[in-house]
Amino acid sequence: MTSELTPGPGAHPDPGGMGVGPHDDEPHESGLNNRLNSLRAAVLGANDGIVSTASIVVGVAGATADRASILIAGVAGLAAGSLSMGAGEYVSVSTQRDSELALLETERRELAEDPEDELAELAGIYRDKGLDATLALEVARQLTEHDALGAHAEAELGIDPDDITSPWNAALASMLSFTLGAVLPLLTILLVVDSARVWVTVGAVAIALALTGWASAALGYGAPRRAILRNVLGGLFAMLITYGIGSVLGTHVG
């Protein structure tokens, strides 16, 4: 029988008996920054794809019952939106990446030119976190000896040199998720009978927005109910406005 103090099969050891047991739910592996950034882009892309495409097709449906017109408008909106989202994410994340690389280059130069001052700065950071002066200096020295740039970049800048954000990952995640999100309202409004197409589309979009609202709250550790509510209400408001515009223009143009 396994003792309560003895790790069982597959358990991680507790080095030094510090009470640091297995924390499988805490992600510490390399590449986490890029994965979280891609997930964020994917959730935002899906949400935008749902709302913008639904607003377009509902607005056109308010003006005309012609399925060809709705299809053309929906596909055009899908293509324009996915490309715009991808380009926007690429530009935004590229700017972030450039800033990270510039900061790392500055830190690398400072470490080469004035290592003692950088060591004192790192020790000061750990003193501010609660370590006494002697221990803070020892921790700073050991970390610097192991990986000077990594230790200083993480403590001073909050950057992992081995996990610089990728604009391509974010752009592709945003484009693909926008497309998938846009397909839902587009197919719904095209496949449902004319008399119920708008209401069924609104219902399907509300459910989808509730899911993306929950996902965004989960990624940001926020309150799910609040995120879901504002997401759904924002989407419904957008569809209401575009349907009203389509109805008014359809009446006058027709």
Heavy atoms only: give me the nearest G74-V57 pair and the separation to one decimal.
CA-CG1, 3.7 Å
Can you check whether S92's main-chain N or O pairs, donor with acceptor, with R97's side chain at less than 3.5 Å?
no
If you group Ile, Leu, Val, Met, Phe, Trp and Tyr by side-chain heavy-atom gaps below 4.5 Å, do W214 and L184 land in one group?
no
Please list, chain by chain and in numerical order, all residues satisfying ring pair (Phe, Tyr, Trp, His ring centres under 6.0 Å) with Y243, sequence neighbours excluded.
none
Minimal heavy-atom distance between F178 and S52, with the atoms involved, is CZ-OG, 3.3 Å
Roughly how far apart are L104 CG and L111 CG, rounded to 0.5 Å?
10.5 Å
Side-chain heavy atoms of R197 within contact of I70, under 4.5 Å
yes
Looking only at side chains, do S216 and N231 share a donor and an acceptor under 3.5 Å apart?
no
Nearest atoms (heavy-atom pairs only) where A61 meets V198:
CB-CG2, 4.1 Å
Surrounding CZ of R225 (heavy atoms of other residues, nucleotides or ligands, distance under 6.0 Å), is the total greater than 12?
no
Hey, is R108 close enough to E105 for a salt bridge, meaning N to O under 4.0 Å?
yes
Side-chain atoms of residues 122-140: list all donor-acceptor pairs with protein atoms under 3.5 Å, sequence neighbours left out, distances to 0.1 Å.
unit_1	atom_1	unit_2	atom_2	d
D132	OD1	T134	N	3.1
D132	OD1	L135	N	2.8
E138	OE2	Q142	NE2	2.8

Which atom of V43 lies closest to which atom of A215, heavy atoms considered
CG2-CB, 4.2 Å
If you take all heavy atoms of I50 and P185, which pair is closest and at what distance?
O-CG, 3.8 Å
For the student: nearest non-hydrogen atoms of S82 and T179, plus distance
CB-OG1, 3.6 Å
Sub-4.5 Å side-chain heavy-atom contact between T242 and I56
no
Checking the side chain of S55 only, and the main-chain atoms of V51 only, is there a donor and an acceptor separated by less than 3.5 Å?
yes
Donor-acceptor under 3.5 Å (T106 side chain, A102 main chain)
yes
